[in-house]
**Q** 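One structure, as structure tokens, below. Some questions next.
From a predicted model like this one, the values you see are computed outputs, not experimental measurements. Just so you know, ligand 1 is whichever comes first in the structure, and atom 1 is the first atom listed for that ligand. Index from 1, following the sequence.
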Amino acid sequence: LLAIADTTCQKSARFSARPTPVSVSGTDVPDMESFLTNRVRKAVFPVGGLGTRFLPVTKAVPKEMLPVVDKPLIQYAVEEALAAGIEEIIFVTGRGKAAIEDFFDHSFELRQVLGERGKDAELHTIDIPVLEPGRIAYTRQQDPLGLGHAVWCARELVGNEPFAVLLADDLVMADTPCLKQMVDVFDETGGNVVAVQDVPREHTNRYGILDVASDDGRLAEIKGLVEKPDPADAPSTLSIIGRYILLPEVFGYLSERKKGAGGEIQLTDSMARMIGEAPFHGLRFEGTRFDCGDKAGFFEANVAFALARTELHDQIHSVIQKYAADESC
Ligand code: G1P
């Protein structure tokens, strides 16, 4: 791993994640400005998508607000980001997504009514992360031109520092939150880091796929990326799931607004152009990822997260057994 990091870091020292030490009275201390801009403090959540795979509900409800058990998908993603040390949240939103803004705000009326009725348990559930004013921002992606375009819409809010991107429909159950695992890798290697998992070859046309230079079973050094290749053309079966740590240089490539797979401005294509300029690794994270953009994956997430809840486990378990035993199902 160190060997990989060393060779790739040499390609461009300016992309290193580590603060440059400066000497003060003979002692090496990190330069504060460099320290600030080399920490992953901001996370971008592209939430402007139309959610066509979940029509008709998404006609009026943002897909990010669909619940897994009783929490919306976006809440899981935001909690994961905060657990990874993220301090600023940027939503790239769109028309019909106002419910997300309301969700991450106080609900005075509800709080008052629940308080008056002595519903303490329910009161606790609405204590969702409401960030300090100014640490949560919303910008609109007026046209759905692709994930790359959505991320580019956040460029002014991100500025010149590394940042995370989380796609809420990829839900990860893990002891150590997936993004935290990635931040730990970023602190070691610098550069870009994506979360990856192996997928069946027939599914490569659903994902960004890695061309791998070297692989130690946990970290893969990336030499190429292809968005949604046909199974026959895919350079591997190692796919990106919706978690990224990216250097701000990606905005330069995104600003060219080149269209890729599906006629959309793809994030993968701009990331691919950074290979060779900065370290670039795929992390096989520890945990289970659920594709909640897909009906079966969304259902499975609900089962898994409900079973993981002690107060629901037995009830859900017997429901599953009932249907499993029914041969007419
Ligand atoms: C997006 C990305 C793709 C990535 C996937 C993960 O695709 O473009 O590279 O593998 O998310 O879920 P989408 O699912 O938006 O089509």
**Q** Is the Tyr138 to Phe104 ring centre distance short of 6.0 Å?
**A** no

**Q** Please could you name the atoms of ligand 1 that Gln266 approaches to less than 4.0 Å, counting only its heavy atoms?
**A** 8 (O)

**Q** Does the side chain of Val194 come within less than 4.5 Å of Met271's, by heavy atoms?
**A** yes

**Q** Looking at Lys259 and Asp269, is any side-chain nitrogen of the basic one under 4.0 Å from a carboxylate oxygen of the acidic one?
**A** no

**Q** Not counting sequence neighbours, list each pair that qualifies as a salt bridge (Lys or Arg N to Asp or Glu O under 4.0 Å) and has a residue in residues 111-123.
**A** Arg111-Asp127

**Q** Please answer: with hydrophobic residues joined when any side-chain heavy atoms are less than 4.5 Å apart, are Ile241 and Ile209 in the same cluster?
**A** no

**Q** What protein heavy atom sits nearest atom 12 (O) of ligand 1, and how far off is it?
**A** Asp170 OD2, 2.6 Å

**Q** Before giving the answer on salt bridge (charged side-chain N to carboxylate O under 4.0 Å, His left out), spell out for Asp184 and Lys180 the whole-Å C-alpha distance, their side-chain angles and the decisive distance to 0.1 Å.
**A** CA-CA 6 Å; Asp184 290 346; Lys180 171 76 174 89; 2.7 Å; yes

**Q** Check ligand 1 against Thr268 and write out every atom of the ligand that is under 4.0 Å from a heavy-atom position of the residue.
**A** 9 (O)

**Q** Does the pair Glu256/Arg273 count as a salt bridge with the N-to-O cut at 4.0 Å?
**A** yes

**Q** Applying a 4.0 Å heavy-atom criterion (strictly less than), which segment of Leu167 is in contact with ligand 1: side chain, backbone, both, or neither?
**A** side chain

**Q** Show the atoms of ligand 1 that are less than 4.0 angstrom away from any heavy atom in Gly208.
**A** 3 (C), 4 (C), 9 (O), 10 (O)

**Q** Nearest to atom 16 (O) of ligand 1, what protein heavy atom do you find, and at what distance?
**A** Lys228 NZ, 2.7 Å

**Q** Counting non-hydrogen protein atoms only, what is the nearest one to atom 14 (O) of ligand 1? Give residue, atom name and distance.
**A** Arg206 O, 4.5 Å

**Q** Considering Ile241, Thr204, Ile240, which one's heavy-atom position lies nearest to atom 10 (O) of ligand 1?
**A** Ile240

**Q** Just need the protein heavy atom nearest to atom 8 (O) of ligand 1, so name the residue and atom and give the distance.
**A** Glu227 OE2, 2.7 Å

